[in-house]
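Since the structure comes first, as structure tokens, the remarks are kept for the end.
In what follows, chains are A, B, ... by sequence order, proteins preceding strands, each numbered from 1.
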Amino acid sequence: MTKDRRLTSQSEDFAAWYTEVVQAAGLVDYSPVRGCMVIKPYGYAIWELMQSALDGLFKATGHQNAYFPLFLPQSALDREAEHVEGFAPQTAVVTHAGGEELEEPLVVRPTSEAVIWPVVANWIQSYRDLPVLLNQWANVVRWELRTRPFLRTTEFLWQEGHTAHAIAEEAREEARRMLAVYREFMEEWMAMPVVTGEKTPSERFAGAERTFACEALMKDNKALQAGTSHDLGQNFARAFEVQYQTEEGRHEFVWNTSWGVSTRLIGGLIMTHGDDQGLSLPPRLAPYQLVIVPIWKSDEQRQSVLEKAELLRAGLAGGVRVHIDDRENMTPGAKYFDWERRGVPLRMEVGPRDVEKSQVVLVSRTASAEDRKRFVGDAEALATIPEMLIDLQAGVRREAERRRAENSVRGLADYGEFKARMEGSGGFVYAGWCGDERCEQKVKQDTKATIRVLPDPEFRSEEPPERCLCCGESADHEALWAKAY
RNA sequence: CGGGGCGUGGCGCAGUCCGGUAGCGCACCUGCUUUGGGAGCAGGGGGUCGCCGGUUCGAAUCCGGCCGCCCCGACCA
């Protein structure tokens, strides 16, 4: 009966594969409230690893953590016109509390600009108080119509950076700096290559002057917006009266940024590396980098293999996250399947024969079916496992880069060809855009594809496109088009 | 909110057309034998069949109403 324990394959139905794998790998459970998800310990462990890496990067770039409240008064949200227009339809509003109707409704934050700036305005008097470089780890609520675990949930966890600067150029640099930090995290930790660039006005954050984003290509050839960084100009400073006094004694509005990544990244991780066997985690974000499966028949064997497993774990402690799977009610084979489905990068088998020969068996999650098992002496195993994990990290990244390259096309100029491609394989298409929003709209209606970003220079084609993909007029920009999550 | 599908032990489903003791697989518990790629045998526990009402001697099954969920679209990190 192994058949019904298998996941739906990615090629058969990618969406079904995804919802099955998040459950089967023990990442999430559903909650009594529609659209909300429970993050189970194994899923939360991945988030904690992400948090810890990102938090380090934020602090290394001079940011401090703080915490602002869950609620904001409706009137605060209303103060920035575009912002309220963008978010009001998605908010959850508390109208009753303590058994009474509230005088003013409280909005559950969909993002915290309108919570933070009215308060932080009072922290800023002089140019000497700038820049303010804040981050908070928080939950937010956006009333989405259709939800999917990690990718789009009613409540989600994220970090949101909020900064204020004395001059415009500095804010612009900050927005760019944090985009680069995101890219570094996504590539170095998640092994998920991204294209960075600027969003078109229609895809901009509500209230921003400019929005920058990291876009990744998932295994079903749809794009995932993995992180955004916004140059807010003085829009929020004016709305919330965030002013400072210059060296010359003049009063000026500050320049703001905000930037965020969310638990959506876990969805990106799953759809970048997962396969028909289940989850596949890059070692840097794997809660367990190595799982030891002890094998025994008799009680004596049980004791000797567990002792050996314990010694190996101790030998790797500090450098490698090791778990010994000593469950008694499962056979070794069942454990192999279980940990492969949960995406553990490296498995070690320790049986009676290995105790005799002072060796172990090592199997990596991503190795091909043949010659998967490697017999390695104990000392060598201890010495090489940390390097193996580094190699595995590099390997999954190379594979993700290869896949993205294989599913990206450049120089496509014929609209019919583009439409056929979006109906078929999908993927990234680099092509010209005239700059007119009407062309964006038409392409979206025809194909569901949108401009993900206007790519940064290093991602642009050597030969810039001459014509707009849609209208054929001369192209102002090279755009990255794709169907998106 | 429009179109489609589905609600039956924790999970996946059969049973519904044609009313008659609620069943199967997985999971779970106990025991014995097992354990190097999803163990076997034996025993066992668990479901007011989404909800409300109607028809009937009798409803998971027929009729009426309601609710919820999933998938496809419009909104979005």
Exercise for the section: Remember a base hit wins even if backbone is also touched, and classify A:Val361 as base, sugar-phosphate or nothing at under 4.0 Å, heavy atoms. Expected result: base
Exercise for the section: Considering only atom C1', compute the distance from B:C67 to B:C26 and round it to an integer number of Å. Expected result: 30 Å
Handout entry: hbond_proxy A:Asp338 side chain to B:G38 base (donor-acceptor, 3.5 Å cutoff)
Key = no
Handout entry: Spacing between A:Glu328 atom CD and B:C32 atom C1', to the nearest angstrom
Key = 15 Å
Could you list, one pair per line, each protein nitrogen or oxygen that sits under 3.5 Å from a nitrogen or oxygen of nucleotides 74-77 of chain B, together with the distance?
residue	atom	partner	partner atom	Å
B:C76	O2'	A:Glu144	OE2	2.9
B:C76	O2	A:Arg152	NE	2.1
B:C76	O2	A:Arg152	NH2	2.9
B:C76	N3	A:Arg152	NE	3.3
B:C76	N3	A:Arg152	NH2	2.8
B:A77	O3'	A:Gln225	O	3.3
B:A77	O3'	A:Gln225	NE2	2.8
B:A77	O3'	A:Arg264	NH1	3.2
B:A77	O2'	A:Arg264	NE	2.7
B:A77	O2'	A:Arg264	NH1	2.0
B:A77	O2'	A:Arg264	NH2	3.0
B:A77	N6	A:Thr153	N	3.3
B:A77	N6	A:Thr153	O	2.6
B:A77	N3	A:Ser262	OG	3.3

Handout entry: Identity of whatever pairs with B:A60 - Watson-Crick or G-U, under 3.5 angstrom
Key = none
Exercise for the section: Indicate, with a heavy-atom threshold strictly under 4.0 Å, whether A:Arg327 touches base, sugar-phosphate, or nothing. Expected result: nothing
Practice task
For B:C11 and B:G46, measure between their C1' atoms and round to the nearest Å.
Solution key: 14 Å
Practice task
Give none if B:G47 has no partner; otherwise give the nucleotide forming a Watson-Crick or G-U wobble pair with it, both distances under 3.5 Å.
Solution key: none
Exercise for the section: Strictly below 4.0 Å, heavy-atom distances to any atom of RNA chain B: list the hits from residues 290-306 of chain A, or just say none. Expected result: A:Ile295, A:Trp296, A:Lys297
Handout entry: Qualifying residues under side-chain hydrogen bond (donor to acceptor under 3.5 Å, both in side chains), relative to A:Gln23, sequence neighbours excluded
Key = none
Problem - Donor-acceptor pair, side chain of A:Glu203 and main chain of A:Thr200, under 3.5 angstrom - result: no
Handout entry: Integer angstrom distance from the P of B:C41 to that of B:U35
Key = 16 Å
Problem - A:Gln10 and A:Asp275: side chain donor to acceptor below 3.5 Å - result: no
Problem - Strand partner of B:A42, provided both Watson-Crick or wobble distances fall under 3.5 Å - result: B:U30
Exercise for the section: Would you mind classifying the nucleic acid contact of A:Gly351 as base, sugar-phosphate or nothing, using non-hydrogen atoms under 4.0 angstrom? Expected result: base
Exercise for the section: Could you tell me whether a side-chain N or O of A:Arg341 sits under 3.5 Å from a main-chain N or O of A:Gly26, the two making a donor and an acceptor? Expected result: no
Practice task
Measure the distance from CE on A:Met348 to C1' on B:G37 and round it to the nearest whole Å.
Solution key: 18 Å
Handout entry: Between B:C17 and B:C70 - P atom distance, rounded Å
Key = 29 Å
Handout entry: A:Lys335 (side chain) donor-acceptor with A:Arg327 (main chain) under 3.5 angstrom
Key = yes
Handout entry: Whether A:Arg109 side chain and A:Asn139 backbone form a donor-acceptor pair below 3.5 Å
Key = yes
Each nucleotide N or O in nucleotides 39-47 of chain B that has a protein N or O under 3.5 Å away: list the pair and distance.
residue	atom	partner	partner atom	Å
B:A39	OP1	A:Thr331	OG1	3.3
B:A39	OP2	A:Thr331	OG1	2.1

Exercise for the section: May I ask you to check whether A:Trp255 and A:His165 place their ring centers less than 6.0 Å from one another? Expected result: no
Exercise for the section: Mind calculating the distance between CZ (A:Phe337) and C1' (B:C26) to the nearest angstrom? Expected result: 16 Å
Handout entry: C1' spacing across the pair B:G19 / B:U61, given as an integer number of angstrom
Key = 6 Å
Exercise for the section: On the 0 to 90° scale, with breaks at 30° and 60°, tag the A:Trp47-A:Trp137 ring pair as parallel, tilted or perpendicular. Expected result: perpendicular
Practice task
Could you check whether A:Gln277 gets within reach of a base, just the sugar-phosphate, or nothing at all, counting any heavy atom under 4.0 Å?
Solution key: nothing
Practice task
Please work out whether the ring planes of A:Tyr430 and A:Phe428 are parallel, tilted or perpendicular, with thresholds of 30° and 60°.
Solution key: perpendicular
Practice task
Could you work out the separation of B:G38 and B:U30 based on their P atoms and round it to a whole Å?
Solution key: 24 Å
Practice task
Evaluate the ring planes of A:Phe236 and A:Phe240, with Trp represented by its six-membered ring, and classify them as parallel (under 30°), tilted (30 to 60°) or perpendicular (over 60°).
Solution key: parallel
Completion exercise
A:Asp325 atom CG is separated from B:G38 atom P, nearest whole Å, by 15 Å
Problem - A:Glu440 and A:Ser202: side chain donor to acceptor below 3.5 Å - result: yes
Practice task
Calculate the interatomic distance between A:Lys40 atom NZ and B:G10 atom C1'; express it in whole Å.
Solution key: 11 Å
Taking only distance into account, with no hydrogens and no angle test, what donor-acceptor pairs under 3.5 Å do side-chain atoms of residues 419-426 of chain A form with protein atoms, sequence neighbours excluded?
none

Exercise for the section: Look through every strand shown and name the nucleotide pairing with B:G23 as Watson-Crick or G-U wobble, where both distances are under 3.5 Å. Expected result: B:C13
Problem - Spacing between A:Arg342 atom CZ and B:G38 atom C1', to the nearest angstrom - result: 15 Å
Practice task
Write down the distance separating the P atoms in B:G3 and B:C76, rounded off to the nearest Å.
Solution key: 24 Å
Exercise for the section: For A:Thr8, enumerate each residue passing the side-chain hydrogen bond (donor to acceptor under 3.5 Å, both in side chains) test, keeping only those at least two apart in sequence or located in another chain. Expected result: A:Glu20
Handout entry: Pairwise P distance, B:C13 and B:U56 [rounded to whole Å]
Key = 36 Å
Problem - Under 3.5 Å: donor-acceptor pair, side chain of A:Gln136, backbone of A:Phe68 - result: yes
Problem - Partner nucleotide of B:G73 by Watson-Crick or wobble geometry (both distances under 3.5 Å) - result: B:C1
Problem - Base B:G12 paired with A:Glu20 side chain (donor-acceptor, <3.5 Å) - result: no
